[in-house]
Protein chains: 2
Amino acid sequence: MTETANNIRRLNKCNVFEVIAHEGPISRAAIAKRLGLSKQTLSEVAKELESEGWVQQVGLERGNVGRAAMNFEVVPDAAFVAAVDLGGTKVKVAIANLACQIFGEATEKTDPRGGGAVVDQIARLCREMMDQHGLQQDRLRLAVVGVPGVPDHESGAVHMAPNIPQLDEIDFAGELSKALGFDVVIENDVNLAVLGEHWGGVAQHVDDLAYVALGTGIGAGIIVNGELVRGKNGGAGELGYLPFGADPFEDASLRQGALERVTATDAMRDYYFELTGEKIEVPEIFDRLDQDDHAQKVLDRTARETARAVAAISALIDPEQIVFGGSIGRREELFSRIKAQFGLITRSPVELYISDLGGKAALIGAASLGLSHVHATLLAGGVPGAEITLPPAKLAKLGVVSNG
Amino acid sequence: MTETANNIRRLNKCNVFEVIAHEGPISRAAIAKRLGLSKQTLSEVAKELESEGWVQQVGLERGNVGRAAMNFEVVPDAAFVAAVDLGGTKVKVAIANLACQIFGEATEKTDPRGGGAVVDQIARLCREMMDQHGLQQDRLRLAVVGVPGVPDHESGAVHMAPNIPQLDEIDFAGELSKALGFDVVIENDVNLAVLGEHWGGVAQHVDDLAYVALGTGIGAGIIVNGELVRGKNGGAGELGYLPFGADPFEDASLRQGALERVTATDAMRDYYFELTGEKIEVPEIFDRLDQDDHAQKVLDRTARETARAVAAISALIDPEQIVFGGSIGRREELFSRIKAQFGLITRSPVELYISDLGGKAALIGAASLGLSHVHATLLAGGVPGAEITLPPAKLAKLGVVSNG
DNA sequence: TATTAATTCGTCAACTTACCGAACTAATAG
DNA sequence: CTATTAGTTCGGTAAGTTGACGAATTAATA
């Protein structure tokens, strides 16, 4: 048979799996009605999915008149993915199963030697997490690593990640893949964060949004038409290089980016020093807000310039929502100021929110990307049109309030 | 049969049509090899496509050893779409046939009464064009109208189009559809321009790009991941509202947009007046460049601020190309200045070009959108996965150099 | 020049996959 | 016991495949 014809069964298998994942436990008859397939076909498909280990029968559903239905659900342990958030100071690892449950998260200081040492560290953490939860190592099929830089999918290196040594000198993805024995996907951490908010955060069911991360730097993850925007060179969302804030025509703006020079933590610290002659860290600036006009001034400038960045995003891609995250971005004191400033410069009806998922957005995004990947490779096998949309995330075990 | 199974033949018909459109004239055997279908199936599919009038046989292909092949090609006259570019001063209409040939273009002054008068004008022009070329009216299946504003697909009105009266008070799309007797699609003209460049211009095979139109206003059409970015409210690409140029915190920037206040034609005229006390039009400013330092200064400011807009696009979506169009945007004198200024504020490797298609970009984009629509509705009939990619545009008859 | 071989095009016939609908068996509430 | 719902069995249909074969055409050869 032709490709197309050959793939009908596979496509239907994907569709059936998708319904079970979203609406399960669910009976054959109900799935059949839902998909417009015959009960007969559904029995065959369900049998195949069961014998391949993707779904399993669960207890009879009684209570209605008529024969009790045998329900199906996804086998949670059929496959696992490791979600990794690699930061300059900390590495976080969580495990997600096929039923979209995400388990407890391990956090360690990032190995300061960088490069191969970090590869080993991540590989060890992944194995430890599986062991800790008594799970079969060989069911772990994929790791998704969020990195604070621009992943190069050709070479497997990570560029522009100054806080972790040697990440751009080795085939990071390749080495990790070798150490773990399965595929590894690397992706920018802010891109993962927007995927996280889209999957399990405040932006569920929103197909045009941006996630603005404000911390040691300023960057955005962008979803347009429901799809992540990476850009030609993976440089999409580099808000730091927006041409305002500092003078973009100065040479220093070529290196650090005009906006980043006046918004991120370094700039806030420097500005406070400039105003007062005192060197304090950013959390301290927040603490002093009540008594200290200078602290207010620092926050106001950051808020004003960030509001301009938000206006720029809004003018260019007109998203439905913009979500704020990052160590400073999710602080209410700053958020309310950004919102106020933004109101002064635009009539855009875009909704602004603080991230639901806090520091776990990237980790959850990594899980979502990983699960989609597993679906695509193991179930769909590259059949066009056989995408499986992820069911809502189950985050309870991660200590995040789920609003699914 | 299930939806999927029912649609196999339709899907194969689309695939076969697509191959014929791209590679025709082509024989059954060659198509079969190309698609991995059996010759048998192909004979059936070709017969159906032929009897429905989509493709036709053309002379035997001799020269190789073996039996001569009967080739198939798309029936050019099987369907037509009208491409309309509705501007504040001019309306342009062109006709495209199913073979992607675009015929001579009619231009008229836009009826100054706006509203219903413009609807009638467009309907008349469409009919005249068909008659002029001796084509059957009832083969005209769709009109795509590029409008200088934000189309509201709910109400059929066009908002933010101050140059054409009453466009936001009537169901423009609906009225035109009634006058013509077939479907009408309305789309922002700059969005169509970027589609045009993507299909038949400088940006062929580029899936991340922006088209910057600089004229009476400044705006962009954006394609990301090969898809047009419209934004939640159709407001994507509103460069005029980028928060720099003029002070975005001034009240006037809420109305006109901070950037538009210093870049578009009005701003250039005003600035020249401010410098010299003389009121002249923009083309005149260009004419005086050689002798007049003030004219240079006006252009320099426009170039500098436009370069910042380009930097903003680049920072946010990291496109492969940015194409310049519009009455001023495509002038070499300005373009070279923008390029120079852009080089000062970024290291982005984005390629900058002047539009290939000149003032016809939107018209050609309208044709591409229309032909895609016709494919989707008449051939694919909404079958998922049955998209037909457009073959290269044949623009020779439009007086545009084709580089397909 | 006539014949034969090689090659390619398109069709026919038999078989396979995957779906459907109808009839049938099984289980369960009332 | 009966109405109702769940799931299976059994033919039937749509669409695609493979392999054999006739038709057409070029190339080589007697």
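Per chain, numbering begins at 1; letters A, B, ... match sequence-line order.
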TODO: Give the ring-plane orientation class for F103(A) versus F80(A), where under 30° counts as parallel, over 60° as perpendicular and anything between as tilted.
DONE: perpendicular
TODO: Find the distance N15(A):CG to dC19(C):C1' and express it as a whole number of Å.
DONE: 14 Å
Open item on the list: In this structure, how many angstroms lie between the C1' atom of dA15(D) and the CD atom of E48(B), rounded?
Closed with: 10 Å
Open item on the list: Using OP1 and OP2 only, check whether a side-chain N or O of R9(A) sits under 4.0 Å from dC19(C).
Closed with: yes
- [ ] To the nearest Å, give me how far apart CG (N71(A)) and P (dT5(D)) are.
- [x] 16 Å
- [ ] Quickly work out the R10(A) CZ to dC19(C) P distance and round it to whole Å.
- [x] 14 Å
- [ ] Could you tell me the separation between the CD atom of Q57(A) and the C1' atom of dA6(D), rounded to a whole number of Å?
- [x] 12 Å
- [ ] May I ask you to verify if any side-chain N or O of S43(A) is less than 4.0 angstrom from the OP1 or OP2 atom of dT8(D)?
- [x] yes
Open item on the list: Quick test of your reading: applying side-chain hydrogen bond (donor to acceptor under 3.5 Å, both in side chains), list the pairs with at least one residue in residues 70-84 of chain B, sequence neighbours left out, ordered by first then second residue.
Closed with: Q56(B)-E73(B), E61(B)-N71(B)
Open item on the list: Rounding to an integer number of Å, can you tell me how far L42(A) CG sits from dG7(D) P?
Closed with: 10 Å
Open item on the list: Taking N225(B)'s backbone N and O only, do any of them form a donor-acceptor pair with D208(B)'s side chain (distance below 3.5 Å, no angle check)?
Closed with: yes
Open item on the list: So, does N12(A) get its side chain near the phosphate of dA18(C), meaning an N or O under 4.0 Å from OP1 or OP2?
Closed with: no
Open item on the list: Looking at E197(B) and V202(B), would you say the former's side chain and the latter's main chain have a donor-acceptor pair under 3.5 Å?
Closed with: yes
Open item on the list: Once ring-ring contact (aromatic ring centres under 6.0 Å, His included) is applied, what residue pairs with a partner in residues 15-45 of chain A remain, sequence neighbours excluded?
Closed with: F17(A)-H375(A)
Pairs under 3.5 angstrom, nitrogen or oxygen only, protein versus nucleotides 6-9 of chain C, please.
unit_1: dT8(C); atom_1: O2; unit_2: R67(B); atom_2: N; d: 3.0
unit_1: dC9(C); atom_1: O2; unit_2: R67(B); atom_2: NH1; d: 2.5

Task: Reported CG-to-CG distance for the pair L135(B) and L140(B), which is rounded to 0.5 angstrom - done: 9.0 Å
TODO: In whole angstrom, give the distance that lies between atom CZ of F72(A) and atom C1' of dG7(D).
DONE: 10 Å
Task: Minimum-distance nucleotide to I8(B) side chain [options: dC20(C), dT11(C), dG16(D)] - done: dG16(D)
TODO: Kindly point out which of dG21(C), dT18(D), dG7(D) is positioned nearest to the side chain of S38(B)?
DONE: dT18(D)
- [ ] Select base, sugar-phosphate, or nothing to describe what Q40(B) touches, counting heavy atoms under 4.0 Å on all strands.
- [x] base
Task: Reported CG-to-CG distance for the pair N191(A) and L228(A), which is rounded to 0.5 angstrom - done: 4.5 Å
TODO: Write down the distance between CG (L35(B)) and P (dT17(D)), rounded to a whole number of angstrom.
DONE: 10 Å
